[in-house]
Amino acid sequence: MTASDSVIDRDTLRRIYLVGFMGAGKSSVGEFLAEKLGYRLIDLDLEIEKDAGRGIPQIFREEGEPAFRSMESRALRTAGAGHDVVVACGGGIVASAENREFMRENGITVWLDAPLDVMLERCGGSLNRPLLADRPRMEALLAARLPFYRDARIRIDAAGGTPDQLASRIVSLLSNLG
Ligand code: S3P
């Protein structure tokens with residue numbers, strides 16, 4: 001576990017962005033983290049589905065990935081306009097430089113890092129993840145995103161505990177920042 005030891009603006013601590021690959025546990029850790037901080041959990045994938053009135057696979061099928069990414073960026077900006085929020089982001093949020101800059105400038109990014117096998121196991125055969133594919137393709141996608149995940153202010157080992165324990169660890173790392 002690492003955390004930057006630079007002191008940061010307290011307002012920045014009012015928006016926590018959970019990033020990481022599919023199956024890293026962002027939504028489940030997010031629930032515990034929001035509860036512990038007294039913040040609201042915003043799950044971006046659910047917000048996108050609510051706004052679009054369709055599931056993510058259907059959005060990918062009917063409009064393609066670029067349209068989904070636009071919806072995702074919009075949902076991120078809406079979520080980040082609030083405060084006292086934990087935002088569970090989709091795994092691909094970091095692919096956009098604008099999204100990375102937005103999160104860096106108005107909140108704290110927390111990377112849930114875990115071995116690929118653990119994350120794939122957690123995804124199981126999820127039909128709700130249109131990008132889920134065979135291992136070589138997942139390896140390549142993760143490798144392309146790793147430099148961006150590594151940019152997060154906080155990294156935690158997401159294979160090393162229950163969602164409740166991981167959330168407690170994040171709370172303690174966040175308190176070191178303030
Ligand atoms: C995606 C991850 C998904 C979802 C969409 C695309 C990705 O979210 O946003 O299927 O590009 O990695 P999870 O990371 O919550 O599975």
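One-based numbering, in listed order, for ligands and for the atoms of each. No hydrogens, no waters, no symmetry mates; every other heavy atom, side chains included, goes into these values.
- Using a cutoff of 4.0 Å between basic side-chain nitrogens and carboxylate oxygens, Lys50 and Glu47 are scored as salt-bridged.
- Residue Lys26 has at least one heavy-atom neighbour below 4.0 Å for each of these atoms of ligand 1: 13 (P), 14 (O), 15 (O).
- Nearest to atom 16 (O) of ligand 1 by heavy-atom distance, out of Arg129, Arg69, Glu65, is Arg129.
- Of the listed residues (Ile56, Leu142, Asp45, Leu132), the one carrying the non-hydrogen atom nearest atom 15 (O) of ligand 1 is Asp45.
- Protein heavy atom at the shortest distance from atom 12 (O) of ligand 1 is Arg145 NH1, 2.7 Å.
- Using a 4.5 Å cut-off on side-chain heavy atoms (C-beta onward), Ile48 and Ile59 make contact.
- Listed by number with element, the atoms of ligand 1 under 4.0 angstrom from any heavy atom of Leu131 are 7 (C), 11 (O).
- Glu62 has a carboxylate O that lies under 4.0 Å from a charged side-chain N of Arg54, or vice versa, which qualifies the two as a salt bridge.
- Assignment of Met71 to the shell around ligand 1 is not supported, since no heavy atom sits closer than 4.0 Å.
- Under 4.0 Å is where a charged nitrogen must lie from a carboxylate oxygen, and between Asp164 and Lys36 at least one such pair does.
- Between Tyr149 and Phe21, the ring-plane angle classifies as perpendicular under the 30° and 60° cut-offs.
- Other residues, nucleotides and ligands place more than 12 heavy atoms under 6.0 Å from the CZ atom of Arg135.
- Ranking protein heavy atoms by distance to atom 10 (O) of ligand 1, first place goes to Pro130 CD, 3.5 Å.
- The atoms of ligand 1 that sit less than 4.0 Å from any heavy atom of Gly90 are 8 (O), 9 (O), 14 (O).
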